[in-house]
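Beneath this line is the structure, given in structure tokens, with notes to follow.
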Amino acid sequence: MINSRPISLDFQIVLDSKEQSLIALFKDLREYLLELHPDSNEILYHTHALTSVFSISEKLSDAFCMIPIYTNHLNLGFNKGTLLKDPDKILNGTGKLIRHIDVKSPEDYRNPTVKALIQEAIRFAITDIDKPTNSIGVTISKISKN
């Protein structure tokens, strides 16, 4: 695993409170997404879940994937999952747009089917963007520092 981008300190502080197995899984999945699209901007949130969002701009609406980390599990989320082709029916969820894959091990995402889905999500986000962005490959933290 290559450390292409350090994890933001405010995110790492909250991440460290999670189970070691979840931390390792998150780090591997994050690295995989950054390998597939190194120019991704990473937007960090801590609401009902600690979430790392991968976007082609600095806006959440231009995101293609996210990794929400809950108490005992994490998902690979697709922000516009209902608009993606999913011939193998691997996406879960009932929301208007968001779909996800349950992640329990690297085999759940490090496979040709999920790789193709991630690449489609990236292509979709690039063609769907409203206006070009100046932000490339940056981390944007929305985590309160209190």
Can Asp39 and Ile56 be said to form a side chain to side chain contact (heavy atoms under 4.5 Å, CB included), step by step?
CA-CA 7 Å; Asp39 290 341; Ile56 58 165; over 6 Å; no
So does Arg5 pair up with Glu31, basic N to acidic O under 4.0 Å?
no
Rounded to the nearest 0.5 Å, what separates atom [atom1] in [X] from atom [atom2] in [Y]?
| X | Y | atom1 | atom2 | value |
| --- | --- | --- | --- | --- |
| Glu35 | Ile118 | CD | CD1 | 10.5 Å |
| Phe124 | Leu117 | CZ | CG | 12.5 Å |
| Leu29 | Phe54 | CG | CZ | 7.0 Å |
| Ile43 | Ile140 | CD1 | CD1 | 5.0 Å |
| His73 | Leu22 | NE2 | CG | 9.0 Å |
| Glu42 | Thr139 | CD | OG1 | 4.5 Å |

Can you tell me if [X] uses its side chain to pair, donor with acceptor, with the backbone of [Y] under 3.5 Å?
| X | Y | result |
| --- | --- | --- |
| Asn111 | Glu107 | yes |
| Thr82 | Lys96 | yes |
| Asp108 | Ser105 | yes |
| Arg99 | Gly93 | yes |
| Glu120 | Lys85 | yes |

Can Gln12 and Asp16 be counted as having a side-chain donor-acceptor contact under 3.5 angstrom?
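Per modelled atom types, Gln12 and Asp16 side chains form a pair under 3.5 Å.
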State whether a side-chain donor-acceptor pair under 3.5 Å links Glu19 with Ser21.
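No, no side-chain donor-acceptor pair sits under 3.5 Å.
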Could you walk me through whether Asp62 and Lys59 satisfy the side chain to side chain contact (heavy atoms under 4.5 Å, CB included) test, starting with their C-alpha distance in whole Å, then the side-chain angles of each, then the deciding distance to 0.1 Å, before giving a yes or no?
CA-CA 6 Å; Asp62 294 326; Lys59 293 170 36 181; 3.9 Å; yes
Do Leu44 and Thr51 have side-chain heavy atoms sitting under 4.5 Å apart?
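No - every pair of side-chain heavy atoms lies 4.5 Å or more apart.
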Kindly indicate whether the side chain of Leu36, heavy atoms from C-beta on, has any atom under 4.5 Å from the side chain of Lys115.
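In contact.
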Heavy-atom pair of closest approach, residues [X] and [Y]:
| X | Y | answer |
| --- | --- | --- |
| His48 | Tyr70 | CD2-CE2, 3.8 Å |
| Tyr32 | Arg110 | CD1-NH1, 3.2 Å |
| Lys80 | Ser61 | NZ-O, 3.1 Å |
| Phe78 | Leu84 | CD2-CD1, 3.8 Å |
| Gly77 | Pro68 | N-CD, 4.4 Å |
| His100 | Asp102 | NE2-OD1, 3.2 Å |

Of Asn75, Asp28, Ile69, Leu74, the residue whose pairing with Val103 passes side-chain contact (heavy atoms from CB on, under 4.5 Å):
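Of Asn75, Asp28, Ile69, Leu74, side-chain contact (heavy atoms from CB on, under 4.5 Å) with Val103 is met by Leu74 alone.
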Can you label the angle between the His37 ring and the Phe64 ring as parallel, tilted or perpendicular, going by 30° and 60°?
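Perpendicular: the ring planes of His37 and Phe64 meet at over 60°.
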Applying side chain to side chain donor-acceptor pair (under 3.5 Å) to Asn41 and Ser55, what does each step give before you reach the verdict?
CA-CA 5 Å; Asn41 292 318; Ser55 181; 5.6 Å; no
Phe11 ring center within less than 6.0 Å of Tyr45 ring center
no
Step-by-step side chain to side chain contact (heavy atoms under 4.5 Å, CB included) determination, Val114 to Leu76
CA-CA 10 Å; Val114 175; Leu76 171 57; 3.8 Å; yes
